[in-house]
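Both backbone and side-chain heavy atoms feed into the values below; hydrogens, waters and symmetry mates do not. All of these numbers come straight from a predicted model, not from anything done at the bench.
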Amino acid sequence: TNNLSSRVYSTNQNETLYCPVSINEAIKIRYLRNKAILFQGNSFKSIDLKQDCNVFISLERIAELREIESDGEYWRVGSSVLLREFAQRFSDKFLSIQDFILQETDLHFLNRFSIRDAIFSYDSNRKIVDFLISVSAKLIFEDLDDEKIIPLEERAYKSGAITESGQELLTWILIPKSLTDVRGELKGSSSERVGKILQVEDRIKEIIFDK
């Protein structure tokens, strides 16, 4: 690991925490420490610490995983994109995302949980996963040699077949642009309501942090 630029932290309980700054480094570290547990944001709370593991890899500092890009026929959504950012980006394109924002009352869930958390925390709020399944989203898993793309399907998700194995890392979620909801006559007023709600949330956060 001497050739890696990642920060490494150790505790007096003989635990090691790696903080890579790129996808490639995260995969390399998992290759070197094959029992390491990946985590992002709030997903650390759901990790079973009774497992025989004392090596952790945080994905928090990988900027690539927090990006949303337009790529040909798809939007590429980084697996670490927070649910709030995801909803803001797509609320004017999908009515179901507008409903998600309007109905969700847990701001902590929106502001701290990522797409990755929603996919791998099977006991968490499933609304975003249901949305991704409904639009035929695909998941990109990368390892040292190549990448694989698999569809996010209900049967595979419920069976627990969708998981990271070996050195794999879930990096991107592909959302087809062709499935954008274009029902503009229904979208206008709802989109305005979503915008106002997000503005109020931002103002509340400003007041809290100013104090």
Nearest 0.5 Å please: distance from the OG atom of Ser114 over to the CZ atom of Arg66. 11.0 Å

Can you measure from CZ (Phe113) to CG (Leu83) and round to the nearest 0.5 angstrom? 8.5 Å

Check: Leu139 and Ile119 side chains under 4.5 Å, non-hydrogen atoms: yes

Same hydrophobic cluster for Leu82 and Phe86, using side-chain heavy-atom links shorter than 4.5 Å among ILVMFWY? no

Quick one: does Phe94's side chain get under 4.5 Å of Val135's, heavy atoms only? yes

Rounded to the nearest 0.5 Å, the CG atom of Leu132 sits from the CD atom of Glu153 at a distance of 13.5 Å

Please walk me through it: do Leu65 and Thr171 pass side chain to side chain contact (heavy atoms under 4.5 Å, CB included)? CA-CA 6 Å; Leu65 296 181; Thr171 52; 4.1 Å; yes

Looking at residues at least two apart in the chain, or sitting in another chain, which of them share a salt bridge (Lys or Arg N to Asp or Glu O under 4.0 Å) with Arg89? none

Rounded to the nearest 0.5 Å, the CG atom of Asn24 sits from the CD1 atom of Ile29 at a distance of 10.0 Å

Kindly compute the distance separating SG (Cys19) from OH (Tyr9), expressed to the nearest 0.5 Å. 5.5 Å

Side-chain heavy atoms of Ile62 within contact of Val21, under 4.5 Å: no

Below 4.5 Å, heavy atoms only, C-beta onward: do Pro176 and Glu73 meet side chain to side chain? no

Please report the shortest heavy-atom distance between Ile57 and Ala36, naming the atom on each side. CD1-CB, 3.7 Å

Quick check: do Leu144 and Lys28 have side-chain heavy atoms less than 4.5 Å from each other? yes

Between Arg33 and Val55, what is the shortest heavy-atom contact and its length? NH2-CG2, 3.1 Å

Could you report the tightest heavy-atom contact between Phe141 and Thr163, atom names first, then the distance? CE2-O, 3.7 Å

If you compare all heavy atoms of Asp130 against all heavy atoms of Glu154, which two are closest, and at what distance to 0.1 Å? OD1-OE1, 4.5 Å

Distance flag, aromatic centroids of Tyr74 and Trp172, threshold under 6.0 Å: no

I'd like to check Ser79 versus Ile173 (side-chain heavy atoms, cut-off strictly below 4.5 Å). Are they in contact? yes

For Ala26 and Leu59 the tightest heavy-atom approach is CB-CD2, 4.3 Å

Taking Glu168's backbone N and O only, do any of them form a donor-acceptor pair with Arg30's side chain (distance below 3.5 Å, no angle check)? yes

With no hydrogens and no angle check, is any side-chain donor or acceptor of Arg76 less than 3.5 Å from a backbone partner on Leu174? no

Using atom types as modelled and distance alone, determine if a side-chain donor or acceptor of Thr16 lies under 3.5 Å from a backbone N or O of Ser10. no

Between Glu164 and Arg116, is there a side-chain N and carboxylate O pair less than 4.0 Å apart? yes

When rounded to the nearest 0.5 angstrom, what distance separates CD in Glu15 from CZ in Phe56? 5.5 Å

Quick one: are Leu169 and Asp143 in side-chain contact, heavy atoms under 4.5 Å? no

Any side-chain heavy-atom pair of Leu170 and Phe120 under 4.5 Å: yes

How close do Ile68 and Glu85 get, counting heavy atoms only, and between which atoms? CD1-O, 4.4 Å

Under the salt bridge (Lys or Arg N to Asp or Glu O under 4.0 Å) test, residues paired with Glu142 that sit two or more places apart: none

